Amino acid sequence: MVLEDVDPGGPEHRRLELALKGAKRGRDLVKQILVFSRHAEQDRKLLALSDTVEEALKLLRPILPSTIEMVWRRSEGDDVILADPVHIYQILMNLCTNAAYAMRDKGGILRLGISRVILTEGDRASEPDITPGEYVVLEVRDTGRGMEPETLERVFDPFFTTKKQGEGTGLGLSVVHGIVKSFGGHITVESEPAKGTSFSIYLPKADERLCTVGKHTTPVAGGKERILLVDDEDIMIALDEERLTGLGYEVVASTSSEEALEIFRKTPDRFDLVITDYTMPNLTGIDLAAQLLMIKPTIPIVLWTGYNEAVSRERVQKAGIKAFLMKPSDKNTLAATIRRVLDGETDERRG
Ligand SMILES: Nc1ncnc2c1ncn2[C@@H]1O[C@H](COP(=O)(O)OP(=O)(O)OP(=O)(O)O)[C@@H](O)[C@H]1O
Ligand SMILES: [Mg+2]
């Protein structure tokens with residue numbers, strides 16, 4: 001919101017943009033940790049791997065020491081996969097920081113490249129858990145200290161690390177492994193002490209014709225409906241009230257779910273939609289929804305939650321809630337979700 005108010009050419013704008021970017025990356029990281037631990041929903045789309053890697057490298061290059069030379073080779077031709085770009089970023093981040101760590105004493109060369117291969121039944125002899133088919137391969141190769149066979153054997157184990165206590169989590173490669181497996185992919189590693197290490201990530205090539213992932217984003221659409229907004233955090237209320245009012249809605253806000261229930265009970269017809277936080281003292285968002293629906297069964301309710309793990313989509317739907325939003329949501333997502341719910345489409349019907 002502040003961004004919209006400041007001069008787009010000025011330094012504040014740039015700094016705010018960076019802060020927003022940082023916050024979004026934080027949100028995405030939390031999401032990925034949840035994805036990794038719960039196989040929760042992913043935001044997969046068709047992407048050309050070379051383009052995504054190139055974007056990620058722009059962010060990675062500045063954080064790697066200058067003693068490391070980076071060599072990058074794009075794929076020749078089509079390298080479209082179905083994946084969540086945040087996951088690709090996480091894979092690269094982990095592999096590149098590991099490589100940089102292995103080269104920290106003398107520097108070296110970090111090579112990244114993308115190629116395509118077809119794996120056949122014959123390849124299963126050496127790697128039994130692969131599925132034959134067409135793959136896009138991302139290779140990350142370093143000239144660092146390499147690994148002894150005993151280390152190599154355990155690299156993907158959660159919490160396995162050769163770093164000093166307190167320096168590494170040992171989770172980096174197990175996160176990478178988890179992501180690659182969730183894509184139906186495969187990962188191999190080769191390493192030799194004093195020579196270097198090479199990781200190859202095999203990701204199934206997507207058949208564009210089979211995918212119907214839309215690339216269009218709908219423009220921000222507001223409305224004149226009346227919304228009851230419930231969240232126990234003052235800051236959230238203040239921000240969201242302003243955002244919703246900005247979209248044209250009439251907003252009644254409350255920081256107490258019990259108070260909100262009373263407001264609603266007195267004048268149920270004053271409201272077209274309720275947006276409620278999930279975690280609140282005394283009466284949670286789900287409990288509130290149940291009570292509101294008893295008063296007015298047709299009232300659409302959107303649940304806003306900061307913790308994806310606390311409440312499953314299934315439970316939300318069972319409670320009669322029409323949609324849920326993950327905090328923080330950007331303006332477009334917020335606006336689109338509200339419109340969709342007010343216009344009578346539910347998450348369920350969207351499939
Ligand atoms: N490129 C590499 N060269 C040499 N050894 C590596 C390389 N990548 C990983 N390893 C070894 O595998 C271990 C596990 O890696 P992983 O990324 O899972 O955890 P970590 O790097 O030790 O901790 P964190 O990722 O939290 O910093 C490392 O401690 C290191 O011994
Ligand atoms: Mg690591």
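When a ligand or atom number is given, it counts from 1 through the structure's own listing order. This is a predicted model, so every value here is computed, not measured.
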#### Entry: ligand 1-proximal atoms of L95, by part, heavy-atom distance under 4.0 Å
neither

### Query
Side chains of S115 and E139: do they bring a donor and an acceptor to under 3.5 Å?
no

### Query
Is it true that atom CD of E76 has more than 12 heavy atoms of other residues, nucleotides or ligands lying nearer than 6.0 Å?
no

### Message
Does the residue G144 have a heavy-atom contact with ligand 1, meaning some pair of atoms that are separated by less than 4.0 Å?
### Response
no

### Task
If you have a sec, work out which protein heavy atom is nearest atom 14 (C) of ligand 1 and how many Å separate them, to one decimal?
F160 O, 3.2 Å

### Task
Provide the full list of ring pair (Phe, Tyr, Trp, His ring centres under 6.0 Å) pairs with a residue in residues 101-148, sequence neighbours left out, each pair given once.
none

### Task
Could you grab the distance from atom SG of C96 to atom CG of L110, nearest 0.5 Å is fine?
5.0 Å

### Query
Just how far is it from atom CZ of R145 to atom CD of E192, taken to the nearest 0.5 Å?
15.5 Å

#### Entry: Residue pairs, two or more places apart or on separate chains, that pass side chain to side chain donor-acceptor pair (under 3.5 Å) and touch residues 5-14
none

### Query
Going by the angle between their ring planes, with limits at 30° and 60°, are F271 and F264 parallel, tilted or perpendicular?
parallel

Determine all donor-acceptor pairs shorter than 3.5 Å in which one atom belongs to a side chain in residues 58-71; sequence neighbours excluded.
{"residue": "K58", "atom": "NZ", "partner": "E55", "partner atom": "OE2", "Å": "2.8"}
{"residue": "R61", "atom": "NH1", "partner": "I68", "partner atom": "O", "Å": "3.0"}
{"residue": "R61", "atom": "NH2", "partner": "P65", "partner atom": "O", "Å": "3.1"}
{"residue": "R61", "atom": "NH2", "partner": "I68", "partner atom": "O", "Å": "3.2"}

### Task
Kindly check if the number of other-residue, nucleotide or ligand heavy atoms within 6.0 Å of NZ (K181) is above 12?
yes

### Task
Just need the protein heavy atom nearest to atom 5 (N) of ligand 1, so name the residue and atom and give the distance.
M147 CG, 3.3 Å

#### Entry: Heteroatom proximity flag, F199 to ligand 1, N/O under 3.5 Å
no

### Query
Are E225 and I338 close enough that some pair of their side-chain heavy atoms sits under 4.5 Å apart?
no

## Note on the structure
If you scan protein heavy atoms around atom 12 (O) of ligand 1, the nearest is V155 CG1, 3.3 Å

### Query
Nearest protein heavy-atom contact for atom 1 (N) of ligand 1: which residue, which atom, what distance?
D142 OD2, 2.8 Å

### Task
Give the atoms of ligand 1, by number and element, whose distance to some non-hydrogen atom of T151 is under 4.0 Å.
31 (O)

### Query
Do the non-hydrogen side-chain atoms of D232 and P281 ever get within less than 4.5 Å of each other?
yes

#### Entry: Heavy-atom neighbours of E259 CD exceed 12 at 6.0 Å
yes

### Task
Enumerate the atoms of ligand 1 whose separation from the nearest heavy atom of L173 is less than 4.0 angstrom.
9 (C), 15 (O), 16 (P), 17 (O), 18 (O)

### Query
Out of curiosity, is N94 lining ligand 1, as in a heavy atom under 4.0 Å away?
no

### Task
Pick one of side chain, backbone, both or neither for how T161 approaches ligand 1, counting any non-hydrogen atom pair under 4.0 Å.
both

### Task
Before signing off on this row, confirm whether T162 and ligand 1 have an N or O atom pair separated by under 3.5 Å.
yes

### Query
Nearest to atom 17 (O) of ligand 1, what protein heavy atom do you find, and at what distance?
N98 ND2, 2.8 Å

### Task
Among all protein heavy atoms, pick out the one at the shortest distance from atom 27 (O) of ligand 1; state its residue, atom name and that distance to 0.1 Å.
K163 NZ, 2.7 Å

### Query
Quick one: which of N98, L152, D142, L95 gives a side chain to side chain contact (heavy atoms under 4.5 Å, CB included) with T197?
D142

### Query
With backbone taken as N, CA, C and O and side chain as the heavy atoms from C-beta onward, which portion of T97 lies under 4.0 Å from ligand 1: side chain, backbone, both, or neither?
neither

### Query
Which protein heavy atom lies closest to atom 26 (O) of ligand 1, and at what distance to 0.1 Å?
T169 OG1, 2.5 Å

### Task
Give me the protein N, O or S atoms that fall under 2.8 Å of the Mg ion (ligand 2), sorted by chain and residue number.
N98 OD1

### Task
Considering only non-hydrogen protein atoms, determine which one is nearest to atom 23 (O) of ligand 1 and report residue, atom name and distance to 0.1 Å.
G170 N, 3.1 Å

### Task
Could you tell me whether D78 and K205 make a salt bridge, using a distance below 4.0 angstrom between a side-chain N and a carboxylate O?
yes

